[in-house]
Amino acid sequence: MLKRSIKQRAGWWMALSAWLVLPAGLLAGEPVDEDALLLSQQREQFLHAELRIGSTNRAQAEEWLEQLADYPLQPYLEQRWLEGRLSASDAIERFLTRYQGTPMDWPLRKRWLLYLAQRRSAELFLANYRPTQDAELHCHALRFRLEKEAPAQIWPEVRELWTVGVSQPRACDPLFARWRDAGQMTPEVIWQRVGKVADGGQANLLPYLRGLLPARDQYLVDLWIRARRNPVVVAQSNFFPRRDPREREVLAYGLRRLIWRNPDQALSTWQRFAEDPHFTDAQRQMVIRAFAVALASRGDERADVWMVQVPVEHMDDTLAHWRIAHVLKQQDWPRVQQLIETMPEELQQGAAWQYWLARALEQQGQQTQADVLWRELAQRRNYYGFMAASRLGLPPSLSHRPVPVTDGEVAELGGHPSVRRAQEWLALGRMTEARREWNHLQRTADEQTKLASARLAAQMQWYERSIFSLADVGFWDDIELRFPLAFKEEMAEFAGKAEVDPAWAMAITRRESSFMVDANSPVGARGLMQIMPDTANYIARQPVQLGQLYNPITNIDYGTNYLNYLMRRNDGNLLIATASYNAGYGRVRQWIPKDEAIPADIWIETIPFRETREYVKAVMAYYQIYNIRMDQPVDVFAPLVGMRIGQSQD
């Protein structure tokens, strides 16, 4: 099957590439209209000129620009040409004014500003500089401003630039030198940067910062360096000489790391310093919070001691979760109820805690009160709402509401320059450039236009942008747009061959990539179903070229086969297979209770990794939605109500 499908995939990819560039009629041998033919020719001309315009002469460049004057991507040619003509200040200024804020603005503006900085063109630089996160340009701007403004107005910005956890560009060195010579680089400022560098920053800066401190303070940086390398050192009785209150910053940092590595050692070390008056309230609360979360996530009974020390006003979702999860593992239902009812009101009303409050009431024989909470929760379209509906035997609520936009609004948006440029980049297979144009539209559009853009993107079968556009507005109720039936035929075909539910495969894909064909995660997962290369090699039983994983057909084939593999390895338990798709089979097996099976909903809520915990909830909710959308009206949550996870799984 795999060998045959590889040929099918190759053919599909060639057809897709041709479709992206040529009018559909040309591929079919049918007559095409002149506009379509002209557009095809313009695309070819653009690609030819794009490669050469940066190095061609003025006459040739102007000829190409004139020939493509009405082509949506023509401004990109002009941008490319101007990047090679940085002395043409008037032309560049006109271009940047015309396309300010578009994806064409920044690449040209940055290159030109650096050119102006090298030539000390202060007035022109400042006139065209825009606030930016680019430290190099910011430093040039501040240097030029120092020529016109009082230094006292500039120094606070320089301090902010300097006191960061990473090294700044060399272009900033002259600015920092003037700031230092003006007496602004005080020991307090240096220590502020030491803390940012040491606690998650660029550690190789610490020796440099050590040399800037007075000799009497340099030992503090040595403490930081040792604590970063191995937090166990903070437990040594002679590690802190207790000469300076700032030692407590190092201690708080080390304890927050040590509690995850060796809880007993961290707790005993804290006992020696618990009453230390040099600990600030902020440092003390950071340590208490870290201890509470770390111990609760391990199932350590000592977590309660630390949870109760967190002030109610400092309670957030993370702390609330682990506080409840800790007692859920013990199935101490009166305690669950008590903890939820003492939460801040805004947290208490969250779907998760309403669900678990109802579970606690049910387990204590208060079924009527539990049903009241579940009935209200069952109106919500999320994991907890679907769980509540299943417990009551009610159908899941989708609460579908289409986006309130007209066909006319969508058609009008289709003529927007950013949309036309995005469509052309898509036609050329240039996804990154297309997304930049679409994101520019989202940044500059009002809410109604963003809603129209979601509908338009769906019409273009650009599903990811449709989903993200709705998320940007916070419009959650258009189920057809948020959960499109993308690649439905391919999903049905390959899921059928792999003997897995296509709605489940669709839910996994929606969660993994939002149907982004060229998705690429930081850890190397690729394509629609975010397949790891090693996984693809295992499924195919041969080396797979990375580029193949961006082919939707290939990706769906491998992804559904992998789902089949996980179902077999997990004895057909879809819940554990879902968790394994995210966290890996081996790691998930470590989370299965060894002594006694526990209810499935408790197991989900106590998964140690937040990413996997939320992943499982999302996929199960999406699975329910896609079951309905794909005319498979099965309550996928019903099996979870009585399911138990552990040695004696039901």
Side-chain angles (χ1 to χ4, degrees), residues 297 299 321 324-325 328-329 331 351-352 355-356 359 374 377-378 381-391 393 396 483 491 495 498-512 529-530 535 559-628 630 632-650:
S297 66
H321 166 80
I324 302 300
L328 280 176
K329 288 182 179 180
Q331 299 187 52
Y355 174 82
W356 287 111
R359 281 279 273 133
W374 274 332
L377 195 57
R381 186 187 55 251
N382 57 30
Y383 164 81
Y384 295 104
F386 293 154
M387 283 290 287
S390 284
R391 288 188 170 276
F483 298 93
M491 285 286 181
E499 299 180 341
V500 298
D501 191 334
W504 180 41
M506 192 78 85
I508 291 281
T509 307
R510 170 62 171 81
R511 175 64 179 187
E512 288 287 345
M529 298 187 73
Q530 289 290 272
T535 301
T560 51
N561 271 281
Y562 186 47
L563 289 177
N564 171 279
Y565 163 81
L566 291 174
M567 285 289 281
R568 287 185 285 106
R569 289 297 303 271
N570 290 291
D571 299 322
N573 189 305
L574 183 141
L575 193 62
I576 301 178
T578 298
S580 299
Y581 197 93
N582 175 261
Y585 171 79
R587 179 176 287 135
V588 172
R589 297 308 298 181
Q590 296 174 13
W591 301 337
I592 305 297
K594 302 297 188 295
D595 301 326
E596 182 181 0
I598 62 174
D601 57 353
I602 293 180
W603 182 77
I604 294 171
E605 203 69 55
T606 56
I607 290 175
F609 285 12
R610 177 176 180 175
E611 178 189 334
T612 305
R613 188 168 64 246
E614 298 307 317
Y615 180 90
V616 171
K617 294 176 189 176
V619 168
M620 294 306 297
Y622 295 175
Y623 184 18
Q624 182 69 81
I625 292 169
Y626 273 112
N627 248 314
I628 298 171
M630 299 173 76
Q632 300 176 178
V634 176
D635 184 358
V636 303
F637 279 77
L640 301 187
V641 173
M643 181 187 295
R644 299 180 73 84
I645 304 295
Q647 288 287 359
S648 57
Q649 293 178 29
D650 294 339

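Side-chain contact of Gln632 with Tyr623: a donor-acceptor pair under 3.5 Å is absent, judged by distance alone. For the residue pair His321 and Arg610, no side-chain donor N or O sits within less than 3.5 Å of a side-chain acceptor on the partner.
Geometrically, Arg510 engages Phe483 in a cation-pi contact defined by less than 6.0 Å to the ring centre and at most 45° from the axis.
Phe386 places a side-chain heavy atom less than 4.5 Å from the side chain of Ile625. Contact annotation: the side chain of Tyr384 approaches that of Lys617 to within less than 4.5 Å [non-hydrogen atoms, C-beta and beyond]. Under the 4.5 Å side-chain criterion, counting only non-hydrogen atoms from C-beta, Tyr562 is in contact with Leu566. No side-chain heavy atom of Val616 sits less than 4.5 Å from a side-chain heavy atom of Tyr383. Side-chain contact check for Gln624 versus Ile628: some heavy-atom pair is nearer than 4.5 Å. Proximity of Lys329 to Ile598: side-chain heavy atoms (C-beta onward) are nowhere separated by under 4.5 Å. Put simply, the side chain of Pro502 reaches to within 4.5 Å of the side chain of Met630, judged on heavy atoms.
Scanning for side-chain hydrogen bond (donor to acceptor under 3.5 Å, both in side chains) contacts around Asn582 gives Glu611, Thr612, with sequence neighbours left out. Shown here are the salt bridge (Lys or Arg N to Asp or Glu O under 4.0 Å) partners of Arg381, two or more places apart in sequence or in another chain: Asp477. By the ring-ring contact (aromatic ring centres under 6.0 Å, His included) test, Tyr585 is found to be paired with no residue, residues two or more places apart in sequence or in another chain being considered. Applying the side-chain hydrogen bond (donor to acceptor under 3.5 Å, both in side chains) test to Thr509 and every residue at least two apart in sequence or in another chain returns nothing. When the side-chain hydrogen bond (donor to acceptor under 3.5 Å, both in side chains) test is applied to Trp356, the partners found at least two apart in sequence or on another chain are Glu605. Asp601 meets the side-chain hydrogen bond (donor to acceptor under 3.5 Å, both in side chains) test with Tyr355, Arg359, Arg391; sequence neighbours excluded.
With Trp603 contributing its side chain and Trp591 its backbone, the two residues share a donor-acceptor pair below 3.5 Å.
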> Is there a side-chain contact (heavy atoms from CB on, under 4.5 Å) between Trp504 and Met567 once you walk through the steps?
Replying inline: CA-CA 12 Å; Trp504 180 41; Met567 285 289 281; 3.6 Å; yes
> Going through the checks in order, is the side-chain hydrogen bond (donor to acceptor under 3.5 Å, both in side chains) test met by Glu512 and Tyr615?
Replying inline: CA-CA 9 Å; Glu512 288 287 345; Tyr615 180 90; 2.7 Å; yes
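Taking all atoms of both residues into account, the shortest heavy-atom contact from Ala618 to Arg511 is CB-NH1, 3.6 Å. Summarising the geometry of Met643 relative to Leu575, their closest heavy-atom pair is SD-CD2, 4.1 Å, with the distance given to 0.1 Å. When all heavy atoms of Ala638 and Ser390 are compared, the closest pair comes out as N-OG, 3.5 Å. Taking both residues in full, the closest heavy atoms of Ala325 and Thr606 are given as O-CG2, 3.6 Å, listed atom of the first, atom of the second, then distance. Nearest heavy-atom pair across Arg589 and Asn570 is NH1-OD1, 3.3 Å. The two residues Arg613 and Ile604 make their nearest non-hydrogen contact at CG-O, 3.2 Å.
Here the rule is side chain to side chain contact (heavy atoms under 4.5 Å, CB included) with Asp501, and of Asn627, Thr560, Leu563 only Asn627 fits it.
Of the inter-residue distances, the one linking Leu574 atom CG with Leu640 atom CG reads 8.5 Å to the nearest 0.5 angstrom. Remark: Ile592 CD1 to Ile576 CD1 distance equals 3.5 Å, nearest 0.5 Å.
At most 12 heavy atoms of other shown residues, nucleotides or ligands fall within 6.0 angstrom of atom CD in Glu499.
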